[in-house]
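The next block holds one structure in the form of structure tokens; read it before the comments.
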Amino acid sequence: MPSRPNIVIFMTDQQRGVTVSGSHPLRALTPRLDAFANDTTTFCRGFTPSPHCCPARASFFTGLYPSEHGVWNNVNVPNALSRGPREGVPFWSTDLAQAGYRLGFTGKWHVANRQGPSAYGWEELNAAPPFPVEPQSDDRQRAEAIASQREILVRSSPSVIDGERRDGQILRPGWPAWSLYGTRENPFGDDDVVDRGVKYIRSAPDDEPFALYVGTLGPHDPYVPPQRFLDLYDPTEIELPPTFVDDMADKPAMYRRARDRFDQLTEREHRAALHHYLAFCSYEDELFGRLLDALVETGHYDNTIVLYVSDHGDYTGEHGLWAKGLPSFLPAYQVPMLIKDADRGPGQPRQVRVFERPTTLVDLGPTLLDLCGVAATSPMSGQSVAADLRSPDAPATRDLVFQSNGNEVYGIQRIVLTDRWKLVVNLFDDDELYDRETDPGEMVNLIARPAGQRRTLGRRADDTVPEPFRPVVHDLYGRLWRFVLAHDDEILNPYILTALATYGPLDQLRQ
């Protein structure tokens, strides 16, 4: 047995946290995770720092926020803000490699276009790594991305607006039709990804530690699980969330524009989408179970740290939305997060079953290093929770800040989350404030402009914020600016038409 514990990381794509734990109506059927939870700590408030694949994954692998590693959106689209992390950004996987770990990587990467996982210590197990042998310039990557998108459009048939719309299909004038759900065997090749992970576990030597990353693409949209997982559910028992009826009149117009696409679907189709999404989560649960079986069969289970997590969540019909994007609702940020520590021997306290303190993907790298006894060679912004996994007295509160510059439809947005309040700073539209105690579904924006409000001259600088909430909003802005200054955020430009935040950072700069 190696002197240090092994690591197995299973990261799904776009899985909402409530699907794997608790009694939420969207709890999926996950028998393997249910049994696994008996050996784990479940983070009931696990979050992503950004609701988009690339920045979220870059944060996971670096322990840094998007403003620090430099990945803000999809790295392989024409209008990408960056093609990967800034030069010299450290990854915690290199610390594991230097400590003698064998690192295996199978599945989705989506962190950088220029470098694959092998640049950061991982052995790439994928059958055909999609990374060029020779580095490509940004201009060439942009040109290839434009050509790829045009080719996809040329091969596609345009939506026929006056034609018959198929089940689950969304028609878009001048664009290809989009199907939100369906069925497939081996969707996205996830079976193959897990097969490579199982093979890696079975071939791992007993005398040196290994770290295995398995990244599947489910339950990302379109929701296309194998039929047998749909058959596990009674469709008549699936209910739409209470927020589904939100007209979002008090929220940014972009949110309503995003939802308009999905309003083509009937209520039955929205329920069917939930059915397919939950079934997809059940499929991912079965895949995860195959990795656990391999660990048990090879005798590695007790000495292996196992992490189940996702890169970001999914709206799952909340407010009439699906997938993820700029609308700030928490279902896109909430992720499953379960950690099983290695067996530390007799006399060690049992892991706490439920961890209450808000925790993000940024915290997981420092936590894994601590659990393995490996020192980080570069500072990370994440906070290790390794010492708290066996402490029932761990603090349960913590403020969080989320960062987004939009997916590929850009809009600068920052979110401050406390136990009671959620402030959404939208530099492309009006801000949002929600009282999480009285309005957990985020239905009522407490600082929305009244409908039909007339323009007035000679106004007070902050009168867009209703007077009863000005102290709350001012305090939350202060917390945001302290985070901005501590984590190299780039929203400090004081020009009159860019400094659109209601309250600025001067007080925090002078402290």
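As the structure is a computational prediction, the values presented were derived from the model and not from experiment.
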**Lys/Arg-Asp/Glu bridge criterion (N-O < 4.0 Å) met for Arg398, Asp419** = no

**Asked** Looking at Asp246 and Lys251, does any basic side-chain N land under 4.0 Å from a carboxylate oxygen?
**Response** yes

**Message:** Less than 4.0 angstrom from a charged side-chain N to a carboxylate O is my criterion; do Arg482 and Asp507 meet it?
**Reply:** no

**Prompt:** Does the ring center of Tyr213 lie less than 6.0 Å from the ring center of Trp109?
**Reply:** no

**Prompt:** To the nearest 0.5 Å, how far apart are OG1 in Thr42 and CD in Gln351?
**Reply:** 9.5 Å

**Ring centres under 6.0 angstrom apart (Phe47, His312)** = no

**Item:** Contact check, side chains of Asp370 and Val385, non-hydrogen atoms, under 4.5 Å
**Value:** no

**Asked** Are Leu361 and Val309 side-chain neighbours, meaning at least one heavy-atom pair lies under 4.5 Å?
**Response** yes

**Message:** Just by distance, no angles: are the side chains of His69 and Ser59 close enough, under 3.5 Å, to form a donor-acceptor pair?
**Reply:** yes

**Item:** Side chain proximity check, Thr48 to Thr360, heavy atoms < 4.5 angstrom
**Value:** no

**Request:** Look at the rings of Tyr477 and Tyr503 and say which category their plane angle falls in: under 30° parallel, 30 to 60° tilted, over 60° perpendicular.
**Result:** perpendicular

**Prompt:** Can Asp399 and Arg479 be said to form a salt bridge (charged side-chain N to carboxylate O under 4.0 Å, His left out), step by step?
**Reply:** CA-CA 9 Å; Asp399 292 351; Arg479 300 183 193 213; 2.5 Å; yes

**Item:** Quiz item: cation-pi between Lys340 and Tyr301, 6.0 Å / 45°
**Value:** yes

**Prompt:** Do we see a donor-acceptor contact under 3.5 Å between the side chains of Gln413 and Asn426?
**Reply:** yes

**Message:** With a 3.5 Å distance limit and no angle check, can you tell me whether Tyr434 reaches the backbone of Pro440 through a side-chain donor-acceptor pair?
**Reply:** no

**Message:** If the threshold is 4.0 Å, N to carboxylate O, is there a salt bridge linking Asp191 and Arg290?
**Reply:** yes

**Prompt:** Do any N or O atoms from the side chain of Glu123 and from the backbone of Arg102 form a donor-acceptor pair under 3.5 angstrom?
**Reply:** no

**Message:** Atom CD of residue position Glu437 - does it have more than 12 heavy atoms of other residues, nucleotides or ligands inside 6.0 Å?
**Reply:** yes

**Message:** With a 3.5 Å distance limit and no angle check, can you tell me whether Thr40 reaches the backbone of Ala37 through a side-chain donor-acceptor pair?
**Reply:** yes

**Prompt:** Would a 4.5 Å heavy-atom cut-off, applied to side chains only, mark Thr41 and Val354 as touching?
**Reply:** no

**Prompt:** Any sub-3.5 Å donor-acceptor pair from Arg4's side-chain atoms to Cys372's backbone N or O?
**Reply:** yes

**Check: Phe288 ring centre within less than 6.0 Å of Tyr308 ring centre** = yes

**Aromatic ring proximity Tyr223/Tyr277, centre distance under 6.0 Å** = yes

**Request:** Please round to the nearest 0.5 Å and tell me the distance separating atom CG of Asn126 and atom CG of Asp192.
**Result:** 10.0 Å

**Asked** In terms of side-chain geometry, is the basic nitrogen of Asp435 or Lys422 positioned less than 4.0 Å from the acidic oxygen of its partner?
**Response** no

**Message:** What's the separation between atom CD in Glu68 and atom CG in Asp488, rounded to the nearest 0.5 Å?
**Reply:** 6.0 Å

**Item:** Of Leu368, Thr377, Thr62, the residue whose pairing with Trp92 passes side chain to side chain contact (heavy atoms under 4.5 Å, CB included)
**Value:** Leu368

**Request:** Search all heavy atoms of Leu64 against all heavy atoms of Val362 and return the closest pair with its distance.
**Result:** O-CG2, 3.7 Å

**Item:** Salt bridge present between Asp34 and Arg27 (N-O < 4.0 angstrom)
**Value:** yes

**Request:** Supply the atom-to-atom distance Ile339 CD1 to Leu364 CG, rounded to the nearest 0.5 angstrom.
**Result:** 5.5 Å

**Prompt:** Are side-chain N/O atoms of Gln14 and Tyr315 paired as donor and acceptor at under 3.5 Å?
**Reply:** no

**Message:** Is the distance between the ring centroids of Phe280 and Phe229 under 6.0 Å?
**Reply:** no

**Asked** Are the side chains of Leu321 and Thr316 in touch, meaning some heavy atoms are under 4.5 Å apart?
**Response** no

**Prompt:** Counting only N and O atoms by type, is there a donor-acceptor contact under 3.5 Å from the side chain of Thr12 to the main-chain atoms of Gln15?
**Reply:** no

**Fill in**
Taken in chain and number order and not counting sequence neighbours, the residues that satisfy ring pair (Phe, Tyr, Trp, His ring centres under 6.0 Å) with Tyr101 are none

**Request:** State, without any angle test, whether Arg202 and Thr298 hold a side-chain donor-acceptor pair at a distance under 3.5 Å.
**Result:** no

**Asked** Can Arg414 and Asn405 be counted as having a side-chain donor-acceptor contact under 3.5 angstrom?
**Response** yes

**Item:** Test item: side-chain donor near acceptor, Glu286 and Ser282, under 3.5 Å
**Value:** no

**Message:** Given 3.5 Å as the limit, does a donor-acceptor pair link the side chain of Ser67 with the main chain of His487, or not?
**Reply:** yes

**Prompt:** When rounded to the nearest 0.5 angstrom, what distance separates CZ in Arg510 from CG in Leu506?
**Reply:** 5.0 Å

**Asked** Quick check: does any side chain N or O of Thr30 sit under 3.5 Å from a backbone N or O of Asp285, one acting as donor and the other as acceptor?
**Response** no

**Item:** Whether Tyr200 and Phe210 hold their rings parallel, tilted or perpendicular, with breakpoints at 30° and 60°
**Value:** perpendicular

**Item:** Asp190/Lys108 ion pair, N-O < 4.0 Å
**Value:** no

**Message:** To the closest 0.5 Å, what do you measure between CG (Leu307) and CE (Met337)?
**Reply:** 7.5 Å

**Asked** Are any non-hydrogen side-chain atoms of Glu284 and Phe10 less than 4.5 angstrom apart?
**Response** yes

**Request:** Given salt bridge (charged side-chain N to carboxylate O under 4.0 Å, His left out), test Arg16 with Glu318 step by step and report yes or no.
**Result:** CA-CA 12 Å; Arg16 185 174 170 185; Glu318 302 276 0; 3.0 Å; yes

**Request:** Taking Asn73 for its side chain and Cys53 for its backbone only, find out whether a donor-acceptor pair lies under 3.5 Å.
**Result:** no

**Request:** Kindly give the heavy-atom pair with the smallest separation between Leu492 and Pro505, and that separation in Å.
**Result:** CD2-CG, 3.8 Å

